[in-house]
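Presented below is the structure to which this report refers.
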Amino acid sequence: MHRIKGDAIRKVLIIEDKPHLVEVSGDAQGLTVRSLNGAFEKSEAEVVENIVRYWFDADRDLQPFYELLNNYPPLAYMTTAFSGLRLIAMPDLFETLAWAVIGQQINLVFACKLKRRLVERYCSAMVYDSEPYLSFPSPDVIAKADADELRGMQFSAGKAAYLIGIAKAFECGELSAGLLHELPDLASRQEKLKAIKGIGTWTANYALMKCLREPSCIPYGDAGLHNALKAHGIIKDKTETEAMQQLFDRFAGWESYLVFYLWRSLSDPG
DNA sequence: GCCCAGGACTATG
DNA sequence: CATAGTCATGGG
């Protein structure tokens, strides 16, 4: 869904139903955003800036989180090893939920294959510099998808039904990022998501953390989280729920960031 | 063959 | 509320 070019990342952002290919680069001074398919109009530029700030969590002061890490020796190394790392968001709620459902209970390599098949079959594409840039299919496209065709792409019957059902929930106005934002608290947002077939505790928390930037989401039961905690000697197995809760209690208000850093540690251990 | 993978559903006490 | 069985596929 994006393409890396040296120190820059390119991605299609949909602004007022129009696809814009943007390139974001960064240095010590901050982030620079430019449009690759025509200059932004004034109103669009503001929208894009806000999206990019949100995407990279650019305005976050990480110091409070780093103080918590420094006060906890097993993870204190992260403040230098992952210095400045922000929780990268997924701008689109439907894509986030679809990705989470695809990733349920299968290994990430296979999950990536399934997502790629879904995108290549249903996405809209833009070509720039002879290279394709894809947009994740919108809910109205997946809502009309054929479950048997998804089965043929090695989606389980359950995942196929969940994806189409979630797409329909967006299409009929039952679910949207705006609707979730309007809800008063985290618990009501979790319940709203979990009312939809295919979205359980793990998926709801994943989406709220990665898309809506809820600060205190813990994807309970997450295999990667368990592996990271085991690697740091914080738990010996996934049944130690009280040890996990004690850890997250130390990081109240930063649970999502802690999960993100622990996931990061899996691909680049201490 | 067995177990696990960035789970969720249903059915059953 | 807690547990057991089921779904599907790939990799170690």
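Keep in mind that what you see is a predicted model, and the values were worked out from it rather than measured. The sequence lines fix the lettering, A, B, ..., with proteins before strands; numbering per chain opens at 1.
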Exercise for the section: Say whether A:Leu179 and A:Leu93 are linked into one hydrophobic cluster, either directly or through other cluster members, by side-chain heavy-atom distances under 4.5 angstrom. Expected result: no
Using a cut-off of under 3.5 Å, enumerate the N/O to N/O pairs linking the protein to nucleotides 1-5 of chain B.
unit_1	atom_1	unit_2	atom_2	d
B:dA5	N7	A:Gln105	NE2	2.9

Considering only NZ, NE, NH1 and NH2 on the basic side and carboxylate oxygens on the acidic side, decide whether [X] and [Y] come within less than 4.0 Å.
X: A:Lys42; Y: A:Glu46; answer: no
X: A:Lys5; Y: A:Glu131; answer: yes
X: A:Lys168; Y: A:Glu174; answer: no
X: A:Glu23; Y: A:Lys11; answer: no
X: A:Asp57; Y: A:Arg60; answer: yes

Report which part of the nucleic acid [X] touches: base, sugar-phosphate, or nothing (heavy-atom distance under 4.0 Å, all strands).
X: A:Lys159; value: nothing
X: A:Leu262; value: nothing
X: A:Ala111; value: nothing
X: A:Leu225; value: nothing

Exercise for the section: Would you please classify the geometry between the A:Tyr257 ring and the A:Tyr261 ring as parallel, tilted or perpendicular, with 30° and 60° separating the classes? Expected result: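 Ring orientation of A:Tyr261 relative to A:Tyr257: tilted.
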Practice task
Taking only the side-chain nitrogens and oxygens of A:Thr201, find out if one of them lies under 4.0 Å from OP1 or OP2 of B:dA8.
Solution key: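 No, no such contact exists.
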Problem - P-based separation of C:dG10 from B:dC9 [nearest Å] - result: 24 Å
Practice task
Using the P atoms only, state how far C:dA2 lies from B:dA5, rounded to an integer number of Å.
Solution key: 22 Å
Problem - Boundaries of the DNA chain C segment in contact with chain A, non-hydrogen, under 4.0 Å - result: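 Contact boundaries, 5' end first: C:dA8 to C:dG11.
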Fill in the blank from the handout: A:Ala143 and A:Ala167 have their tightest heavy-atom pair at N-CB, 3.5 Å
Handout entry: Hydrophobic cluster partners of A:Val12 (side-chain heavy atoms under 4.5 Å)
Key =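 Once heavy-atom contacts under 4.5 Å are chained together, A:Val12 belongs with A:Ile14, A:Leu21, A:Leu36, A:Met126, A:Tyr128, A:Tyr133.
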Problem - Integer-rounded Å distance: B:dG7 C1' and A:Asp222 CG - result: 10 Å
